[in-house]
Amino acid sequence: KKSSFAKTSEDKEEWLDITVPGKKPVVGHLRPLTRTLREVEDIFESMGFSVVSGPDIESEWYNFDALNIPKNHSARDQWDTFWLKTPDKLLLRTHTSPSQARYLEKNNPPLRIISPGDVFRHEATDASHEFQLLQIEGLMVDREISAANFKAIIGEFFKRFFKKEVKIRLRPDFFPFTEPSFDVSITCLVCGQKGCPVCKQTGWVEIAGAGMVHPNVFKNCGLNPKDWQGWAFGFGLDRLTMMKYKIDDVRLFRSGDLRFLNQF
């Protein structure tokens, strides 16, 4: 017969083995877009470029007029703009190109810069398009700069970023702030040029718009286009990340899906 003084299981004191290793706390990590951004900045900085920033909320002047896109210009239709309800015509910037105008106003060439940041466009989303994107603007200005300089630098960048040779395609294009203008495409690394939703079954993915800085941009920034020339580009870092990690849907980056994010 059990003694009335015997301890029941409920009365027993909890025993703790202090020699057992504790549970490691869950530690956060960088999302793929941030990893790509830091790597891109490191590569360009190693080639002598400075990293500058610009505001997400821009004025009409810097987003359009200073870049040779005046009112009623047909090129404004290329960007579906988020306008803010303010008396001074503010907007969410549609590209990172305003950074080059801001920098040229306050800094004398020669110069070479990159300017990363978010851009916003009022458009439908699909596997390769989003209303919010991460872009990076590049600008190089000097006495004697040509498209050959751009091709050499961009080719070296892709080689370092993808850690292998990548085919590049430059095709004539139109951007009001550059002349001549061209788009920059690379072979689709998601499907190996076999055709997929990312490359729209073409085997090529447009990564950037680029060209020689238009003389009017220099004039609007207080520089004499007879003294200076340069090139500029705008990269989509979302698409670069898709190519690097073989991601087939741009909407995954901002979905908040931990099943996706925990892979990085």
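Residue numbers start at 1 and run along the sequence shown.
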**Request:** For Tyr245, enumerate each residue passing the ring pair (Phe, Tyr, Trp, His ring centres under 6.0 Å) test, keeping only those at least two apart in sequence or located in another chain.
**Result:** Phe264
**Complete:** Residue set satisfying ring pair (Phe, Tyr, Trp, His ring centres under 6.0 Å) with Phe157, at least two apart, ordered chain then number -> Phe44, Phe161, Phe235
For [X], which residues count as a salt bridge (charged side-chain N to carboxylate O under 4.0 Å, His left out) partner, sequence neighbours excluded?
| X | value |
| --- | --- |
| Lys85 | none |
| Asp142 | none |
| Arg251 | Asp249 |
| Glu144 | none |

Partner set under side chain to side chain contact (heavy atoms under 4.5 Å, CB included) for [X], not counting sequence neighbours:
| X | result |
| --- | --- |
| Arg143 | Asp227, Trp228 |
| Asn216 | Asn68, His214, Lys219 |
| Thr86 | Leu84, Asp88, Leu90 |
| Ala147 | Phe182, Met212 |

**Asked** So which pairs with a foot in residues 97-113 pass side-chain hydrogen bond (donor to acceptor under 3.5 Å, both in side chains), sequence neighbours left out?
**Response** Glu58-Arg102, Tyr62-Glu105, Ser97-Glu137, Ser99-Ser115, Gln100-Glu137
**Request:** Can you run down the side-chain hydrogen bond (donor to acceptor under 3.5 Å, both in side chains) pairs that involve residues 145-156, sequence neighbours left out, and say none if there aren't any?
**Result:** Ser146-Asn149, Glu156-Arg160
**Prompt:** With ring centroids as reference points, do His95 and Phe177 lie under 6.0 angstrom apart?
**Reply:** yes
